[in-house]
Amino acid sequence: MRSGTLLALAATAGPVLADQHYFFAGAFSGSTIFGFEFDDVASTLTLANNITTNASSGSKWIALDAAKKNLYVASSGYFQSYAITDDLGLTYSSNVSLTSDCNNGNFISVLTTEPYTVFGTPYGGGCPTLAISVDESGILQSTFANASYSSAGGVHGTSLSPDMRFLYSADDMGDAVWVHSYDNETGTIEEIQYLAAADDMDPRHLAAHPNGKWVYVVYEAGNSVAVYSRSACTGKLTFTNTTYSLLPSGKRHPSNPLNYRDRTWADLGWTIGFTNSSSYWADEVLFSVPSNNSSAASPKYLLAATRSRTVGVPGYVSAFALDADTGAITEQLFLTPTTNSGGSANAVSPAAFAEDYFAITDSGSNFVEVWKIEGADATAVAHVDLATGPANVVWYS
Ligand SMILES: *[C@@H]1O[C@H](CO)[C@@H](O)[C@H](O)[C@H]1NC(C)=O
Ligand SMILES: *[C@@H]1O[C@H](CO)[C@@H](O)[C@H](O)[C@H]1NC(C)=O
Ligand SMILES: *[C@@H]1O[C@H](CO)[C@@H](O)[C@H](O)[C@H]1NC(C)=O
Ligand SMILES: *[C@@H]1O[C@H](CO)[C@@H](O)[C@H](O)[C@H]1NC(C)=O
Ligand SMILES: *[C@@H]1O[C@H](CO)[C@@H](O)[C@H](O)[C@H]1NC(C)=O
Ligand SMILES: *[C@@H]1O[C@H](CO)[C@@H](O)[C@H](O)[C@H]1NC(C)=O
Ligand SMILES: *[C@@H]1O[C@H](CO)[C@@H](O)[C@H](O)[C@H]1NC(C)=O
Ligand SMILES: *[C@@H]1O[C@H](CO)[C@@H](O)[C@H](O)[C@H]1NC(C)=O
Ligand SMILES: *[C@@H]1O[C@H](CO)[C@@H](O)[C@H](O)[C@H]1NC(C)=O
């Protein structure tokens, strides 16, 4: 089943533009994790591997370690650790089992420097984020500390500061953002800030800019991206009162009178702003991945997406241009309908090999797509249907 191409690809894996790239996609149910090959010259996407895992009730979130030797899986009852084999399969290594009151394993962030701690978050019930140690091979060992929230909390996503000293948590059920410090010498975690969001915004995921100056937060119910500035010194955040809609809003952004809304409304047939925000739920916000170290602190794009609650009615994907020096949003480049609702997913995943590519998962209609950004728009360039609903994607190469 494995092709020679894949073995060659594994040997040359790295952030370079090549023909063949590989990614894993988890699924909301079943025990399969999918392996995909994407050819950026032919724009072909191939389901290369159906990998049977021990996550029998789905892999709601998957994450790679910095060395790309392990894949971590959030599942019901467990955070699991798999070794990535030479032929890009997965071999079960270990699990950290969850308590019955906090068993909905749902999100994972990974420290990319020593001691390579893994932060796993079970969703709902005020459950804390668990700081999990790894051994010298990156295999999950045990929980040694928690980032705690209030009992009304339900943290859906986390992000680490570039210096790896602060953990940011998007509290969807508690309508807030939390900041915790993490001391990698003592292994202690302390709450340092709680920021209530405006009523019914529901922060879902967030992304700390690699230059340390910003945390961008996607508001699930608000269907928007909110801009928080960050003190590199204290790690604390300040909400700037700026949000960008992830739905056709019928509004012109005051700081940018010539932005996409003026230019493309007619093209897309939008004449009014959507007033049915509750028919949508925004899901993801992530930076594109710079392809070399000299640009590592200045990703070109911030990508975000929202899902429609009705299969057959599209969600939206958006990209924001970021200032190369400050990391501030300069322009919302596009707000483009996705090919279907997204289901519970519409998770965007920026490619590891070039900033203009990203993957999208749709669990309402069961497919994975690769999209390409060209100028001020993006289009799906490849599509593969699946037997089950994919959750998120991680690019291996
Ligand atoms: C993966 O499984 C699907 C059925 O769900 C099948 O059509 C496909 O051929 C399989 N692919 C590989 C590479 O095993
Ligand atoms: C994981 O799955 C493999 C293959 O299905 C099985 O042999 C192994 O016992 C399982 N391990 C655990 C810890 O469940
Ligand atoms: C989790 O790990 C324990 C041992 O630590 C093992 O007995 C159990 O089978 C594992 N379960 C899964 C689903 O991997
Ligand atoms: C803590 O992080 C710093 C900076 O990344 C690193 O130099 C140090 O080795 C880490 N400490 C431990 C105990 O891993
Ligand atoms: C972390 O939180 C879990 C769930 O509340 C709890 O069972 C565990 O004892 C805590 N662990 C530590 C090290 O604080
Ligand atoms: C945001 O708005 C609030 C309420 O109007 C105000 O108190 C606060 O200073 C503003 N924050 C910033 C960063 O402008
Ligand atoms: C929301 O409203 C817009 C404009 O009327 C409509 O085109 C769209 O289909 C609606 N979305 C859903 C999910 O019902
Ligand atoms: C580094 O990457 C950036 C953006 O991805 C690109 O513009 C730049 O030319 C690259 N520099 C080198 C030295 O490859
Ligand atoms: C890029 O950065 C990584 C991690 O900081 C480092 O290991 C690597 O050597 C750097 N590569 C180059 C070409 O400088």
Side-chain angles (χ1 to χ4, degrees), residues 1-3 5-6 22-27 29-38 44-53 65-66 87-90 110-118 131-136 138 141 144-145 160-167 181-189 210 212 220-221 223 232 235 245-251 265 268-283 305-316 335-344 346 362 364-368 384-390:
M1 254 190 290
R2 317 298 318 145
S3 66
T5 331
L6 264 190
Y22 193 85
F23 63 77
F24 295 100
S29 63
S31 58
T32 305
I33 288 181
F34 304 99
F36 287 90
E37 277 175 357
F38 176 65
T44 50
L45 182 63
T46 310
L47 174 54
N49 204 353
N50 299 308
I51 306 164
T52 302
T53 72
D65 65 353
D87 62 358
L88 303 181
L90 300 170
V110 181
L111 212 66
T112 56
T113 55
E114 273 189 283
Y116 304 108
T117 304
V118 173
I132 303 169
S133 59
V134 299
D135 72 7
E136 65 283 353
Q141 301 296 299
F144 63 86
L160 289 150
S161 64
D163 62 7
M164 306 288 155
R165 291 170 52 228
F166 297 91
L167 177 77
S181 62
Y182 170 61
D183 183 327
N184 73 347
E185 301 286 344
T186 62
T188 49
I189 296 178
E220 180 172 53
N223 284 295
S245 182
L246 295 175
L247 292 174
S249 66
K251 274 189 295 189
W265 258 18
L268 297 175
W270 295 338
T271 52
I272 53 158
F274 283 16
T275 54
N276 52 355
S277 180
S278 61
S279 300
Y280 296 86
W281 42 330
D283 59 296
T306 190
R307 307 158 286 181
S308 134
R309 293 186 187 268
T310 307
V311 171
V313 177
Y316 287 87
L335 179 63
T336 299
T338 49
T339 51
N340 214 313
S341 68
S344 299
N346 242 16
D362 185 312
S365 311
N366 299 348
F367 62 79
V368 171
V384 168
D385 289 316
L386 294 172
T388 186

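In what follows, residues are counted from 1 in the order of the sequence shown. As the structure lists them, so they are numbered: ligands from 1, and atoms in each ligand from 1.
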Next on the checklist: Quick one: does any side-chain atom of Asn50 pair with a main-chain N or O of Phe34 as donor and acceptor, under 3.5 Å?
Outcome noted: no

Next on the checklist: Minimum distance, heavy atoms only, to atom 8 (C) of ligand 1: which one of Asn49, Asn50, Ile51 is it?
Outcome noted: Asn50

Checklist entry - Is there at least one pair of N or O atoms, one from Thr310 and one from ligand 7, spaced under 3.5 Å apart? => result no

Checklist entry - Which class fits the ring pair Tyr22 and Phe24: parallel under 30°, tilted 30 to 60°, perpendicular over 60°? => result perpendicular

Checklist entry - In terms of ring plane angle, is the pair Tyr280 and Tyr316 parallel, tilted or perpendicular, where the classes change at 30° and 60°? => result tilted

Item to check | Atoms in ligand 7 with a heavy atom of Asn276 nearer than 4.0 Å | outcome: 1 (C), 2 (O), 3 (C), 8 (C), 10 (C), 11 (N), 12 (C), 14 (O)

Item to check | Any Phe144 side-chain heavy atom under 4.5 Å of Thr117 side chain | outcome: yes

Checklist entry - Which ligand 1 atoms does Ala48 reach within 4.0 Å, using its non-hydrogen atoms? => result 13 (C)

Checklist entry - Between Asn346 and Ala305, is there a donor-acceptor pair closer than 3.5 Å when you use the side chain of the first and the backbone of the second? => result no

Checklist entry - Can you list the steps and then say if Ser277 with Asn223 is a side chain to side chain donor-acceptor pair (under 3.5 Å)? => result CA-CA 7 Å; Ser277 180; Asn223 284 295; 2.9 Å; yes

Item to check | From Ser344 atom OG to Asp362 atom CG, the distance as rounded to the nearest 0.5 Å | outcome: 9.5 Å

Checklist entry - Are Val384 and Phe367 side-chain neighbours, meaning at least one heavy-atom pair lies under 4.5 Å? => result no

Checklist entry - Between Ser308 and Thr310, is there a donor-acceptor pair closer than 3.5 Å when you use the side chain of the first and the backbone of the second? => result yes

Item to check | Per-atom contacts, ligand 7 versus Ser279 - under 4.0 Å to a heavy atom | outcome: 12 (C), 13 (C)

Checklist outcome for this item: Of all protein heavy atoms, the one nearest atom 12 (C) of ligand 4 is Asn184 ND2, 3.8 Å

Next on the checklist: Suppose I only count heavy atoms of Pro115 and a 4.0 Å limit; which atoms of ligand 4 are within that range?
Outcome noted: 14 (O)

Checklist entry - Judged by non-hydrogen atoms, does Glu185 sit under 4.0 Å from ligand 4? => result yes

Checklist entry - Counting from 1, what ligand 1 atoms have a heavy atom of Ala387 closer than 4.0 Å? => result 5 (O)

Checklist outcome for this item: If we number the atoms of ligand 1 from 1 as shown, the ones under 4.0 Å from a heavy atom of Leu47 are 1 (C), 13 (C)

Next on the checklist: If you scan the protein for heavy atoms around atom 4 (C) of ligand 4, do you find one that is closer than 4.0 Å?
Outcome noted: no

Checklist outcome for this item: If we number the atoms of ligand 7 from 1 as shown, the ones under 4.0 Å from a heavy atom of Phe274 are 3 (C), 4 (C)

Item to check | Protein heavy-atom partner closest to atom 9 (O) of ligand 4 - residue, atom, separation in Å | outcome: Glu114 OE1, 4.2 Å

Checklist entry - Taking distance alone, with no angle check, do Tyr280 and ligand 7 share an N/O pair under 3.5 Å? => result yes

